[in-house]
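Just so it is clear: chains get the letters A, B, ... in the order the sequence lines come, proteins before strands, and each one is counted from 1. Nothing here was measured: the structure is a model prediction, and the numbers come from that model.
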Protein chains: 2
Amino acid sequence: MSDRCRVETALEILVGKWKPVILFQLFSHGTMRFSELQKAIPDITKKMLTSQLRELEYHDIVHREIYQQIPPKVEYSITEYGMGMTPVLQAMNDWGMAHVEHLNELYGEEREVESFVSKAEEG
Amino acid sequence: MSDRCRVETALEILVGKWKPVILFQLFSHGTMRFSELQKAIPDITKKMLTSQLRELEYHDIVHREIYQQIPPKVEYSITEYGMGMTPVLQAMNDWGMAHVEHLNELYGEEREVESFVSKAEEG
DNA sequence: AAACATAGTATACAAAATGAAACCATAGAT
DNA sequence: ATCTATGGTTTCATTTTGTATACTATGTTT
């Protein structure tokens, strides 16, 4: 590891109960409306969905596009800059998958495994 | 479960106010005693240091070596398996450094930049 | 005998993150 | 006039995470 450590900086973007799954949805589907995200993540509350999206927007990972309509329409997508997180997410996902197996060897337990970024760059 | 990625699995290892800095110390110094970790991370409480080390040990990232002496001596180090996290930490660190600059461009240099060691005491 | 050193536990408390549910604004459809 | 749809906000409760401080054990040193 290097002298100046910014692991926590990257961590800030990803930490929270919902941010990884929100990012996963947006990476997978490209552009999504607020209501589509709600449907895709049934257990999240509007409050959490809003706050997490706002944080991701602040960090320039997610773009928020407002259409002036009634009823409202707001679309979210991964920014081009946010796409730059792909290697980080991929590394974490790969490691995570291997780690699940490693823990299975150590403590014995079976689980499913899947890739994080499947249908990414479309947006 | 089918839409659940393993980013969160990797995240589990790293999440917490103190885990990144503990890992940074152990990656940097190799083997360290409990008291050395305390000295290196002055603001951490024994309880947190113990609990975070125990979690890292459970995940086979950190090894705990107990010497049967009085007063006690316990040494911590990164396991060989834990070394496998290096690419993940490196990717996160690289991205984090670039991201700090990116945010500076967006919001200006006067923004406070988070250093590796916790600044909790400034709160 | 009392203090010291180390690596912790135990208990109580505070702060932060998350959850549940109600409320808001507004155009068009019924 | 009321209902529906959407994308929120607001308030308060609960759960999770982190902090503060005292206590334990025990061989060695003073």
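- For A:Lys73, the salt bridge (charged side-chain N to carboxylate O under 4.0 Å, His left out) test picks out A:Glu75, with sequence neighbours left out.
- Atoms NE2 and CG, from B:His99 and B:Asn104 in turn, are 9.5 Å apart once rounded to the nearest 0.5 Å.
- Summarising the geometry, the separation between NZ on A:Lys39 and C1' on D:dA5 is reported as 12 Å, rounded to the nearest angstrom.
- In terms of modelled atom types and a separation under 3.5 Å, the side chain of A:His29 and the main chain of A:Gln25 share a donor-acceptor contact.
- The separation between A:Leu49 atom CG and D:dG7 atom P is 10 Å, rounded to whole Å.
- Residues satisfying the side chain to side chain contact (heavy atoms under 4.5 Å, CB included) criterion with B:Ile70, sequence neighbours excluded, are absent altogether.
- Between its opening and closing five pairs, the helix from C:dA1-D:dT30 to C:dT30-D:dA1 changes axis direction by 40°, a value rounded to 10 degrees.
- Remark: A:Gln52 pairs with A:Trp18, A:Lys19, A:Ile22, A:Met48, A:Glu55 by the side chain to side chain contact (heavy atoms under 4.5 Å, CB included) rule, at least two apart or across chains.
- Under the 30°/60° scheme for interplanar angles, the aromatic rings of A:Trp95 and B:Tyr81 are found to be tilted.
- B:Tyr67 and B:Leu53 fall into different hydrophobic clusters, where Ile, Leu, Val, Met, Phe, Trp and Tyr residues are linked whenever their side-chain heavy atoms come under 4.5 Å apart, directly or through other members.
- Atom-to-atom, CD1 of A:Ile41 to C1' of C:dT18 comes out at 15 Å; the value is rounded to the nearest Å.
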| task | Take nucleotides 2-17 of chain C nucleotide by nucleotide from the 5' end and write B, S or -, depending on whether a protein heavy atom sits under 4.0 Å from the base, only from the sugar-phosphate, or from neither. | result | ---BBBBS-BB-----

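- The distance from atom CD of B:Gln69 to atom P of D:dT29 is 13 Å, rounded to the nearest whole Å.
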For residues 32-41 of chain A, dump all side-chain donor-acceptor pairs below 3.5 Å to protein atoms at least two apart in sequence or in another chain.
| residue | atom | partner | partner atom | Å |
| --- | --- | --- | --- | --- |
| A:Arg33 | NH2 | A:Pro72 | O | 3.2 |
| A:Glu36 | OE1 | A:Arg33 | N | 2.7 |

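- Counting to the nearest Å, the P atom of D:dT15 and the CH2 atom of A:Trp18 are 16 Å from each other.
- Protein atom CD of A:Glu57 is 15 Å distant from nucleotide atom P of D:dG7, rounded to whole Å.
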